[in-house]
Amino acid sequence: MMHLLSALDARNNVWDIISEAKEFKHGNISKKPLKNKSLAMVFEKASTRTRMSFEVGMYQLGGQPLYLSASDLQLGRGELIEDTAKAMSRYVDGVMIRAHKHDDVLQFARYSDVPVINGLTNLEHPCQAFTDIFTINEQKNTLDLHMTFMGDGNNVCNSLLLAAAMVGMDVTVACPSNYEPDPIIFKDAKKVAKKTGSVLKITGDVQDAVKGTDVIYTDVWVSMGDESEESQRLGDLKDYQVNQDILNLAHPDAIVLHCLPAVRDQEITEEVLNGPQSAVWDQAENRLHVQKAIMNWLMG
Ligand code: CP
Ligand code: NVA
């Protein structure tokens, strides 16, 4: 049974996902490969893009999405993950889960008879990462590039490191100490990078990290679940903002990405978010096309 729990799970499928998402985006696939199939979408946390892209994508592929807030399920009253997984497998053809704890998604997948897709956990956000790679390829027509991730080495950064390593892209993460990406994921990404030739680095030196870079990526400084650390985080990360001065150090044709939602004047300024080098709105749209390719891969 194939699942997408970590970005690493798609290491043999990444190029197919990119090319199929392109076909979906440009309307070259009119068939409904998921006709009469159902996807359960379990959300323990808020979502705009992930929910909409899975929901609309499922309709467009001929299938039926079910939005399930975890707090409305018996899961929210203490029903075991394993019992929920076994029962849900009898109704649907796939399950997408956005959960607080990555281990809960792994546990769910262990007992599921249908593919499970990670729609974001504290550790990873694989669907976002493949959208990001797709968007960079679309904007630049190559992935032989250097990307700088600025700020918190969070779930988005972790999956992005894995996905970038798979396609041979170089990545420098610019972050303060204590905000580095997950060490196990970084090690896994390095292993993949060894095969593809991509160079992965972590540094505290912002100026050096962005000098001549092709892509600047950032995400919120306070992720869902980190709210109690807000004031500490805003202080620790204040020198890692993506603003015009930072962008001026990058390659003149560099693009800026952000998975969204954005917090203006924290991790990014309004000027950059909506400036001429920003590709964030195309990136947001691309969640739909890439989600369709992912669902078709796992459920088609
Ligand atoms: N980027 C992303 O996953 O957005 P949502 O939290 O709105 O789903
Ligand atoms: N890192 C953010 C991403 C939101 C899409 C979070 O986990 O809240």
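Keep in mind that what you see is a predicted model, and the values were worked out from it rather than measured. Atoms within each ligand, like the ligands themselves, are counted from 1 in listed order.
In terms of protein heavy-atom proximity, atom 7 (O) of ligand 1 is nearest to Thr48 N, 2.7 Å.
Put simply, part of Arg98 is less than 4.0 Å from ligand 1, judged by heavy atoms. Within the structure, ligand 1 lacks Lys45 among the residues with a heavy atom less than 4.0 angstrom away. Put simply, part of Leu260 is less than 4.0 Å from ligand 1, judged by heavy atoms.
Counting only N and O atoms by type, the side chains of Trp281 and Asn274 include a donor and acceptor under 3.5 Å apart. The closest side-chain donor-acceptor pair between His146 and Thr213 falls under 3.5 angstrom. Using modelled atom types, one finds a donor on one side chain and an acceptor on the other under 3.5 Å when comparing Asn286 with Glu138. Asn122 and Lys101 form no side-chain donor-acceptor contact under 3.5 Å, judged by distance and modelled atom types alone. Using modelled atom types and a 3.5 Å distance limit, the side chains of Gln64 and Ser38 yield a donor-acceptor pair.
Between Lys194 and Lys190 there is no side-chain heavy-atom pair separated by less than 4.5 Å.
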For ligand 2, find each of its N or O atoms that sits under 3.5 Å from a protein N or O atom, and tabulate the pairs with distances to one decimal place.
from	atom 1	to	atom 2	distance (Å)
ligand 2	1 (N)	Asn154	ND2	3.3
ligand 2	1 (N)	Asn155	OD1	2.9
ligand 2	1 (N)	Asp219	OD2	2.6
ligand 2	1 (N)	Ser223	OG	2.7
ligand 2	7 (O)	Asn155	ND2	2.8
ligand 2	8 (O)	Met224	N	2.8

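Contacts classified as salt bridge (charged side-chain N to carboxylate O under 4.0 Å, His left out) and involving residues 104-128 (residues at least two apart or in different chains) are not found.
Any N or O atom pair closer than 3.5 Å counts here, and Cys259 shares at least one such pair with ligand 1.
Ligand 1 places these atoms under 4.0 Å from at least one heavy atom of Arg287: 1 (N), 2 (C), 3 (O).
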N/O donor-acceptor pairs under 3.5 Å from side chains in residues 149-157, not counting sequence neighbours:
from	atom 1	to	atom 2	distance (Å)
Asp152	OD2	Arg233	NH1	2.9
Asn154	OD1	Val156	N	3.0
Asn154	OD1	Cys157	N	3.1
Asn154	ND2	Asp219	OD2	2.7
Asn155	ND2	Thr121	O	2.9

Which atom pairs, one a donor and one an acceptor, fall under 3.5 Å between side chains of residues 49-60 and the rest of the protein, sequence neighbours left out?
from	atom 1	to	atom 2	distance (Å)
Thr50	OG1	Arg98	NH2	2.8
Thr50	OG1	Arg287	NH1	3.3
Thr50	OG1	Arg287	NH2	2.9
Arg51	NE	Glu55	OE1	3.1
Ser53	OG	Arg49	O	2.7
Ser53	OG	Thr50	O	3.2
Ser53	OG	Gln291	NE2	2.8
Gln60	OE1	Lys292	NZ	2.7

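When Met224, Arg49, His125, Met52 are checked for heavy-atom proximity to atom 3 (O) of ligand 1, His125 turns out nearest.
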